[in-house]
A.B. asks: 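Have a look at this one.
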Amino acid sequence: MKAHDGMYIDGAWRPAAGSDTIEVLNPVDEQVVGRVPAGTAEDVDHAVRAARAALPAWAATPPTERAARLSVLRDVLVARQDEIAETVTAELGSPLKFSQNVHAAVPIAVAGSYAELAATYAFEEKAGNSTVHLEPVGVVGAITPWNYPLHQIVAKVAPALAAGCTVVLKPAEDTPLVAQLFAEAVHEAGVPAGVFNLVTGLGPVAGQALAEHPDVDLVSFTGSTAVGRQIGATAGAAIKKVALELGGKSANVILPSADLAKAVNVGVANVMSNSGQTCSAWTRMLVHRDQYEEAVELAATAAAKYGDRIGPVVNAKQQARVRSYIDKGVAEGARLVAGGLESPREQGYFVSPTVFADVTPDMTIAQEEIFGPVLSILRYEDEEDALRIANGTVYGLAGAVWAGDQAEAVAFARRLETGQVDINGGRFNPLAPFGGYKQSGVGRELGTHGLSEYLQTKSLQF
Ligand code: NAP
Ligand code: MG
């Protein structure tokens, strides 16, 4: 894989301040696929200065011109989609088809949506005798994870640029190559120097320096709750704006009137895709007691079919972490009906698609985010019980409801404490606001709600 040995700052690839590097491994065969510089606080400072210097001109650029840049950026991503897919496959290990259909295609859709929104959004409103101007928040520090590496970058950078903000990005250490490819695409799209800057590096070094930098106006973070809590606290102390997209433990609620086989099969596919490394995955399946055994059998059969085709998890640490949750599930008395500790391959960070039955709401595997291909099936007595179980975690990111009648599913969905619900297998929508209730986060990404995160208001009275 092609890798730059510098940082993309102020419109060019520049030498890193230090000499440390990060090795990028392919999780399928544990081979090194590239090396990138490990940024320091000095690199971050350099990048933030560039972003600050570029801010006035970019903020003053007419939205239609910002939209035009985003539209070209989308076209560059389209032209390079095969390369994007291959890069994500090399550093994340996801099957190439999935990389093409999801890791490359979704960011293209999101970039396209912000090209349109930037051109059509009302950056000025009337309110009585006032004119309200929606102005860019300023310099954005974006910190992203590895699970949907390009999507999470574009979901922050595209709306930030549409709003007139400038950006410094610190991508995940495990997936920096697609971030470098993105920086090349931004350059190719003719985005002015300093508007977008990239510093690769480690979270506690480069990430923390970015989150703490006094000249960053907004920190937008996606990742673990532990790091999110720390970033939120740092931002709070500095009275700085912050957006946090954290974990989830979403419920897939199958009401008795639903098409059980469809709901179970789609539910299993949802959890296994991307090897379970999806924050919005429906990792808890809730089934009525009368249909429980049938659902368990269907889920075990469906999971067993995946084998190693889902790809590995991202790294050895994640593999060990997922396995420790499987251990805990068994130790706490859940019934293992598919998968388990045995890896489907000797080499690479593979975890067997795993299904637990007889999971009770208080078990660790029913409460904590595992971030691997592990499904827990819980039994409910009636609708009120299902609702209590579904809402009974600290998270509230996503979910699904299945029922024979759409209105019945909607009525249940309205009572869920969660930011997104798919009704009877509803399709992904790049315009739908994405983000969490409760400890799943602060703020929203995607669509107009995602754009408004990067705007602040100024009222002029006449
Ligand atoms: P993480 O550490 O929270 O990583 C997210 C991003 O934050 C990465 O760019 C990371 O850099 C950076 N970071 C780490 N420590 C930081 C700090 N002190 N200050 C500023 N930035 C920092 O997550 P992870 O270790 O990759 O994964 C651990 C668990 O988090 C997973 O098992 C999963 O449960 C959860 N997770 C959730 C999501 C989500 O979409 N909600 C995504 C990924 C992970 P490095 O890459 O160098 O660590
Ligand atoms: Mg980490």
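In this chain, numbering begins with 1 at the start of the sequence shown. Quick note: numbers below take in every heavy atom, side chains included, and nothing from hydrogens, waters or symmetry partners. Read the numbers this way: they start at 1 and go in the same order the structure lists the ligands and their atoms.
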A.B. asks: Between Ser324 and Asp327, is there a side-chain donor-acceptor contact under 3.5 Å, judged purely by atom types and distance?
C.D. replies: no

A.B. asks: Return a yes/no value for Glu173: is any of its N or O atoms, backbone included, closer than 3.5 angstrom to an N or O of ligand 1?
C.D. replies: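 Yes.
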
A.B. asks: For ligand 1, which atoms, with element, lie under 4.0 Å from some heavy atom of Gln152?
C.D. replies: 40 (O)

A.B. asks: Just going by heavy-atom distances, which of Thr222, Val313, Val227, Thr175 is nearest to atom 5 (C) of ligand 1?
C.D. replies: Thr222

A.B. asks: Just by distance, do the side chain of Thr89 and the backbone of Glu86 share a donor-acceptor pair under 3.5 Å?
C.D. replies: no

A.B. asks: For atom 37 (C) of ligand 1, which candidate among Phe371, Tyr395, Trp146, Tyr325 holds the nearest heavy atom?
C.D. replies: Phe371

A.B. asks: Give yes or no for whether the N/O distance cutoff of 3.5 Å, strictly under, is met between Cys279 and ligand 1.
C.D. replies: no

A.B. asks: Please identify which atoms of ligand 1 are closer than 4.0 Å to at least one heavy atom of Leu202.
C.D. replies: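 Reading through ligand 1 atom by atom, the close ones are 47 (O).
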
A.B. asks: So is Gly203 polar-close to ligand 1, meaning N/O to N/O under 3.5 Å?
C.D. replies: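 Between Gly203 and ligand 1, an N or O pair is found under 3.5 Å apart.
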
A.B. asks: Quick one: which of Asp358, Val355, Ile377 gives a side-chain contact (heavy atoms from CB on, under 4.5 Å) with Val337?
C.D. replies: Val355

A.B. asks: Measure Leu210 to ligand 1 on non-hydrogen atoms and call it side chain, backbone, both or neither using the 4.0 Å cut-off.
C.D. replies: neither

A.B. asks: Give the ring-plane orientation class for Trp282 versus Trp402, where under 30° counts as parallel, over 60° as perpendicular and anything between as tilted.
C.D. replies: perpendicular

A.B. asks: Would you please determine whether Gln277 falls within less than 4.0 Å of ligand 1 on a heavy-atom basis?
C.D. replies: no

A.B. asks: Using a 4.0 Å cutoff against the non-hydrogen atoms of Gly207, which atoms of ligand 1 qualify?
C.D. replies: 19 (N), 20 (C), 21 (N)

A.B. asks: Any nitrogen or oxygen of Ser224, main chain or side chain, under 3.5 Å from a nitrogen or oxygen of ligand 1?
C.D. replies: yes

A.B. asks: Pull out every atom of ligand 1 sitting under 4.0 Å from any heavy atom of Ala172, numbered as shown with elements.
C.D. replies: 9 (O), 46 (O)

A.B. asks: How long is the gap from CG on Asn391 to CD on Glu417, to the nearest 0.5 Å?
C.D. replies: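 Reported value, rounded in 0.5 Å steps: 3.5 Å.
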
A.B. asks: For the ring pair Phe371 and Tyr325, is the centre-to-centre distance below 6.0 Å?
C.D. replies: no

A.B. asks: Can you find an N/O atom of Asp174 closer than 3.5 Å to an N/O atom of ligand 1?
C.D. replies: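 Checking ligand 1 against Asp174, no N or O pair falls under 3.5 Å apart.
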
A.B. asks: Of the non-hydrogen atoms in Ala3 and Val36, which two are nearest, and what is the gap between them?
C.D. replies: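 Closest approach of Ala3 to Val36: CB-CG1, 4.5 Å.
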
A.B. asks: For ligand 1, is there an atom lying under 4.0 Å from some heavy atom of Tyr148?
C.D. replies: no

A.B. asks: Does the side chain of Lys249 reach to within under 4.5 Å of the side chain of Gln367, using non-hydrogen atoms?
C.D. replies: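 No; the side chains remain at least 4.5 Å from each other.
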
A.B. asks: Does the side chain of Met7 come within less than 4.5 Å of Asn197's, by heavy atoms?
C.D. replies: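 SC-SC contact between Asn197 and Met7 ruled out.
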
A.B. asks: I need the atoms of ligand 1 closer than 4.0 Å to a non-hydrogen atom of Glu369, numbered in the order shown.
C.D. replies: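 Listed by number with element: 33 (C), 34 (O), 35 (C), 37 (C).
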
A.B. asks: Go through the steps for Val167 and Lys156 under the test side-chain contact (heavy atoms from CB on, under 4.5 Å), then give the verdict.
C.D. replies: CA-CA 9 Å; Val167 179; Lys156 297 186 191 309; over 6 Å; no

A.B. asks: Suppose I only count heavy atoms of Ile231 and a 4.0 Å limit; which atoms of ligand 1 are within that range?
C.D. replies: 20 (C)

A.B. asks: Which ligand 1 atoms are under 4.0 Å away from a heavy-atom of Gln208?
C.D. replies: 18 (N), 19 (N), 20 (C)

A.B. asks: Closest approach of Gly443 and Glu453, non-hydrogen atoms and distance?
C.D. replies: CA-OE2, 3.3 Å

A.B. asks: Looking only at heavy atoms of Pro171, does any of them come nearer than 4.0 Å to an atom of ligand 1?
C.D. replies: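 For ligand 1, residue contact (heavy atoms, under 4.0 Å) with Pro171 is present.
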
A.B. asks: Name the option, out of Gln230, Glu368, Glu245, Gln318, that contains the heavy atom nearest to atom 18 (N) of ligand 1.
C.D. replies: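 Looking at heavy atoms only, Gln230 sits closest to atom 18 (N) of ligand 1.
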
A.B. asks: What atoms of ligand 1 come closer than 4.0 angstrom to any heavy atom of Lys170?
C.D. replies: 8 (C), 9 (O), 10 (C), 11 (O), 45 (P), 46 (O), 47 (O)

A.B. asks: Between the side chains of Thr364 and Glu332, is a donor N or O closer than 3.5 angstrom to an acceptor N or O?
C.D. replies: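 Indeed, the side chains of Thr364 and Glu332 share at least one donor-acceptor pair under 3.5 Å.
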
